[in-house]
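A short write-up of the structure that comes next.
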Protein chains: 2
Amino acid sequence: MVQHPMPSLTRDQIVAEAFNLLEAEGLEGLSMRRLAARLKVQAPALYWHVNDKAEVLGMMAADIYAAAYSRTGPAQDWREWLRQFGRALHLSLTSHRDGARLCAIGRPPSPTDAIAQAGRIAAPLTALGLNDQQALAHQAAVISFTLGWTTFEANGPMRDFLRQMMDFDATFSTGLDSLVKGLPDK
Amino acid sequence: MVQHPMPSLTRDQIVAEAFNLLEAEGLEGLSMRRLAARLKVQAPALYWHVNDKAEVLGMMAADIYAAAYSRTGPAQDWREWLRQFGRALHLSLTSHRDGARLCAIGRPPSPTDAIAQAGRIAAPLTALGLNDQQALAHQAAVISFTLGWTTFEANGPMRDFLRQMMDFDATFSTGLDSLVKGLPDK
DNA sequence: ACCTGAACACCGTTCAAGT
DNA sequence: ACCTGAACACCGTTCAAGT
């Protein structure tokens with residue numbers, strides 16, 4: 001029989017509970033102390049598993065991007081792929097409370113992860129005929145637009161006013177389509 | 001002779017000093033207590049002039065948008081206006097430390113101000129032939145793209161990696177041009 | 001009208017010490 | 001290896017009291 005290591009506490013558990021806390025209390029309520037309490041542990045215990053709070057936020061942001069990526073199906077051409085990815089990211093960002101603000105703050109967990117992430121996202125685009133430069137530039141444009149839109153959309157009083165004048169999701173969609181359509185082919 | 005009211009402390013002074021503090025210490029260093037100290041006053045004194053910290057951040061964000069607006073010159077058509085405004089906003093956001101993160105967090109000072117702001121920005125676009133709906137939608141698209149891009153650009157490790165592969169300002173410019181070009185005319 | 005002093009209820013993080 | 005207890009240096013905000 002193998003000696004099962006007591007799992008005690010896991011980085012995955014921490015991130016999962018952090019999302020629950022975020023849903024319940026919002027970004028301002030997301031403190032290390034409250035997070036620890038939910039995990040039935042004292043606050044300093046978290047620092048054995050994690051360097052600091054920024055790292056927790058970074059892992060959460062990485063999860064949100066990863067979910068968007070995995071929801072993006074195969075596509076016939078790079079424009080279709082970018083449109084799908086943009087919609088998936090928008091969905092991923094809005095399906096967590098304060099998701100956009102979190103991603104605007106949270107740095108990626110590590111430089112190496114950032115590079116890996118960029119590579120993973122660029123891959124399907126290069127497979128569809130773009131060169132590396134364009135794959136990165138176009139991906140950056142779509143992420144920027146989507147992140148910015150969702151941030152804007154979450155911005156309280158402005159939103160309440162604008163909602164009377166337009167359908168947010170529809171306007172986002174047509175904006176995204178416009179952007180992708182305008183991107184140069186090669 | 002008129003009785004001159006002692007100016008004591010002004011909302012404008014508070015915002016101006018808040019920008020100095022932001023430049024010096026970054027967004028995490030921007031606390032009400034430090035801000036008060038710079039103004040040679042105790043922290044609670046600020047709360048006579050201001051409701052809370054969020055209001056200070058909101059006024060700062062409003063200043064950044066206003067600067068972008070006032071830097072945008074007259075234009076021949078709405079596409080040219082939007083391109084100019086996007087570049088001006090990008091400049092305005094990057095010319096303050098943590099400017100993008102600040103605008104991603106800061107709500108506008110009040111709902112009424114948000115409406116006024118939206119109106120002011122939509123005005124030059126309707127003057128150039130767009131209807132109200134499109135003026136708002138296109139403006140929202142450009143702001144979103146610019147805010148998102150600048151946020152992305154400020155995101156530490158990711159930036160250091162991407163900088164080797166592309167010129168940030170140039171890629172922003174062509175992305176903005178692509179977006180504006182793709183926006184429907186009527 | 002405008003500001004201070006003191007206090008309340010929190011933070012993130014470190015570090016010795018426990019097991 | 002993993003966690004607790006106690007502490008440090010902060011926060012934003014309220015409120016009585018001063019002038």
Side-chain angles (χ1 to χ4, degrees), chain A residues 2-22 24-61 97-98 101-102 104-107 109-110 156, chain B residues 2-22 24-61 97-98 101-102 104-107 109-110 156:
Chain A
V2 199
Q3 189 78 7
H4 274 283
M6 261 295 261
S8 61
L9 203 54
T10 310
R11 285 164 67 95
D12 285 356
Q13 282 176 58
I14 292 176
V15 174
E17 199 56 51
F19 271 115
N20 291 338
L21 181 53
L22 182 68
E25 310 278 356
L27 194 54
E28 6 288 320
L30 180 44
S31 78
M32 295 298 269
R33 295 175 115 109
R34 291 224 248 238
L35 179 52
R38 273 176 173 262
L39 292 162
K40 312 252 181 244
V41 109
Q42 300 301 316
L46 297 175
Y47 289 83
W48 197 92
H49 303 273
V50 133
N51 281 317
D52 54 13
K53 184 180 177 178
E55 189 175 329
V56 177
L57 298 179
M59 292 189 294
M60 296 174 79
R97 162 128 82 135
D98 289 329
R101 281 166 72 208
L102 187 148
I105 293 174
R107 315 162 299 188
S110 78
Chain B
V2 199
Q3 187 79 7
H4 274 281
M6 261 295 261
S8 61
L9 203 53
T10 309
R11 285 165 67 94
D12 284 356
Q13 281 177 58
I14 292 177
V15 173
E17 200 55 52
F19 271 115
N20 292 338
L21 180 53
L22 181 68
E25 311 276 358
L27 193 53
E28 7 287 321
L30 180 45
S31 77
M32 295 299 269
R33 294 173 115 110
R34 290 224 248 238
L35 180 52
R38 273 175 172 262
L39 292 162
K40 313 254 182 242
V41 109
Q42 300 300 315
L46 298 175
Y47 290 83
W48 197 92
H49 303 273
V50 134
N51 280 317
D52 54 14
K53 184 180 177 177
E55 189 175 330
V56 177
L57 299 178
M59 292 189 294
M60 296 173 79
R97 163 131 80 134
D98 289 330
R101 281 165 73 208
L102 188 147
I105 293 174
R107 314 161 300 188
S110 76

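These figures come from a predicted structure and were not determined experimentally. Below, chains carry the letters A, B, ... as their sequence lines are ordered, and counting in each starts from 1.
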Does the [X] side chain pair with the main chain of [Y], one donor and one acceptor, at a distance under 3.5 Å?
| X | Y | result |
| --- | --- | --- |
| R101(A) | I105(B) | no |
| T10(A) | Q13(A) | no |
| R11(A) | V50(A) | no |

Practice task
In whole angstrom, give the distance that lies between atom CH2 of W48(B) and atom P of dC3(C).
Solution key: 8 Å

Exercise for the section: Check the distance between dC3(D)'s P and L35(A)'s CG and give it to me in whole angstrom. Expected result: 13 Å

Exercise for the section: Would you name the heavy atoms of H49(B) and S8(B) that are closest together and state the gap between them? Expected result: CE1-OG, 4.5 Å

Exercise for the section: Apply the test salt bridge (Lys or Arg N to Asp or Glu O under 4.0 Å) to residues E17(B) and K40(B): give CA-CA distance (whole Å), side-chain angles for both, the deciding distance (0.1 Å), then the verdict. Expected result: CA-CA 11 Å; E17(B) 200 55 52; K40(B) 313 254 182 242; over 6 Å; no

Problem - side-chain contact (heavy atoms from CB on, under 4.5 Å) between V56(B) and L30(B), worked out - result: CA-CA 10 Å; V56(B) 177; L30(B) 180 45; 5.9 Å; no

Handout entry: Footprint string (nucleotides 5-16 of chain C, 5' to 3'): B base within contact, S backbone only, - free, heavy atoms under 4.0 Å
Key = BBB---BBBBB-

Exercise for the section: Can you tell me, in whole Å, how much space there is between the P of dA9(D) and that of dA9(C)? Expected result: 23 Å

Completion exercise
If pairing means Watson-Crick or G-U wobble with both distances under 3.5 Å, then the partner of dA6(C) is dT14(D)

Exercise for the section: Compare side-chain N and O positions of H49(A) against OP1 and OP2 of dA1(D) and report whether any pair is under 4.0 Å apart. Expected result: no

